[in-house]
Amino acid sequence: MSVLTAAAPGAPVVELDLAELRRDPYPAYAELRRSAPLAWVPSVGRHLLTRYEDIVRAEKLPEVFSSREEGSLLLRTVGRNMLREDDPEHRRLRAAAESPTRPRQVRDLWAASFERTAYRLLDRIASRGEADLIADFAEPLAAANLALVLGLRNATADDIAEWSRAMMAANGNYADDPDIWRRAERVTRAIEDAVAEAAEAVRREPDGSVISSMVHAAEPVELAEIQNNVKVIIGGGVNEPRDVFGVGAWALLRRPPALEKVLKDPASWKRVFEETARWISPIGMYPRQLTQDYEIAGVTLPAGSRVALVIASGNRDESVFDRADDFDPDRPHRPHLAFGGGPHFCMGAWVARHEVSAVAWPLVFSRLKGLRLDDSADDRLDGWVFRGLTSLHVTWQAP
Ligand code: HEM
């Protein structure tokens, strides 16, 4: 079926400025939810679906809202992979990869190493009394943890972070910048070599990692499929935990009473995690393509239509979350959409939850005494497809 790259008949057309969306997408989302919950946005080349209930409905119908979007930049960058497949292909790849990321495996196999890495990174900066917690702590922590869970012992945290940046740049290369493609090709080859080497090693000696799990899967998985899926995971598994860490720490440092409450009740870091991911979702939207005509939010979308499920908007839907724009870890529990839904629900959710809420935040806030934001720094939120802090400059009393 061919992809339709224009508005569906009867769909409202809304012009949105991408630079403004990057700066702060939430006012535009509120307006869309109110007046055009399914709208064709020319600058994005897709229909944006922005209300919570409609997104949940779409996620329950993966046979209609297909993940196999034609011509996607992700496919061009990494090749076919689980994120852009439908069942049964998706199920085969996901089943092969996922067991190392389940809660029990996270606790038994990875948690102690996550903690050691976090200690080591904090040891490096503790005596300085100041740091950018994104560049100096959260990014290298997420990258090292990902290398471990994937089974890439032959890659450093710096390699993973650099590979992740190159993959992300290519996935968002709507301007077709040849330098970005060249860098992605170079990095793609480096990842493929590292995965081939790791796969060979675990063939003889399984190690519980994602690569090991795929090599020994019940339904066979080819090396090229393992390589492509590792590329996808590297592309997405660094920035999202990093961004939840940064945004949550920043939100609490700007709200001393809320921070004090959390520090008195360490069990509440879990709630801080879910609220941070809801409030500023690290992934703001992702694409789907209609396999058949389907009516949603008052518009009949023809087969082939492109839709973006704007989970960042669903997570601010006032009909589901009271005072949705406020950051409030004590709000009544309602499931948020930050990890997606349906068959593609994030495979790394438990890895991310553990590394941020059980390791990174508790350690940073207990070890760096008198932690505060450096008000002279220009730390900004940026992005709408992916959103997080560009940096997080802080100071503390050096020992
Ligand atoms: C706070 C951190 C994270 C957030 C908010 C997040 C969010 C998401 C979302 C929204 C999706 C669904 C996308 C779609 O349906 O098109 C997804 C899928 C996925 N995520 Fe995450 N992610 C996070 C961390 C991670 C980590 C650390 C890993 C790896 C260890 C990971 C691996 C994956 C994989 C493999 C998929 C594809 C699953 C499938 O297609 O079945 N994620 N994630």
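For ligands, and for the atoms within them, numbers begin at 1 and follow the listed sequence. The figures here come from the full heavy-atom set of this structure, side chains too, leaving out hydrogens, waters and symmetry mates. Everything numeric here is computed off the predicted structure, so don't read it as measured data.
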Contacting atoms of ligand 1, where contact means under 4.0 angstrom from a heavy atom of [X]:
X	result
L146	29 (C), 30 (C)
A338	5 (C), 7 (C), 10 (C)
P343	41 (O)
V244	1 (C)

Taking atom [atom1] of [X] as the centre, report whether more than 12 heavy atoms of other residues, nucleotides or ligands fall under 6.0 Å from it.
X	atom1	value
E63	CD	yes
N154	CG	yes
R124	CZ	no

Return the closest protein heavy atom for [atom] as residue, atom name and distance.
atom	result
atom 22 (N) of ligand 1	C346 SG, 3.0 Å
atom 28 (C) of ligand 1	G348 CA, 3.4 Å
atom 34 (C) of ligand 1	M347 CB, 3.7 Å
atom 2 (C) of ligand 1	E240 CB, 3.3 Å
atom 27 (C) of ligand 1	G237 O, 3.7 Å

**Report entry** Identity of the nearest option to atom 12 (C) of ligand 1, non-hydrogen atoms only, from H344, M82, E355, R288
**Finding:** H344
Report task. Evaluate the criterion side-chain contact (heavy atoms from CB on, under 4.5 Å) for residue pair K261 and D330; output intermediate values, then yes/no. Result -> CA-CA 10 Å; K261 216 167 149 193; D330 290 330; 2.5 Å; yes
Query raised in the report: Between S67 and H344, do the side chains contain an N or O donor and an N or O acceptor separated by less than 3.5 Å?
Result: yes
**Report entry** Side-chain H-bond candidate by donor/acceptor type, R102 with S99, under 3.5 Å
**Finding:** no
Requested in this report: Tell me, please: is R84 in heavy-atom contact with ligand 1, that is, under 4.0 Å?
Outcome: yes
Query raised in the report: Where does the angle between the aromatic ring planes of F339 and F273 fall among parallel (under 30°), tilted (30 to 60°) and perpendicular (over 60°)?
Result: parallel
Report task. Can you label the angle between the F321 ring and the Y52 ring as parallel, tilted or perpendicular, going by 30° and 60°? Result -> perpendicular
Report task. May I ask you to check whether H90 has an N/O atom sitting below 3.5 Å from an N/O atom of ligand 1? Result -> yes
Query raised in the report: Of the options R23, R22, R387, which is the one that meets D382 in a salt bridge (charged side-chain N to carboxylate O under 4.0 Å, His left out)?
Result: R22
**Report entry** Side chain, backbone, both or neither: the part of F339 lying under 4.0 Å from ligand 1 by heavy atom
**Finding:** both
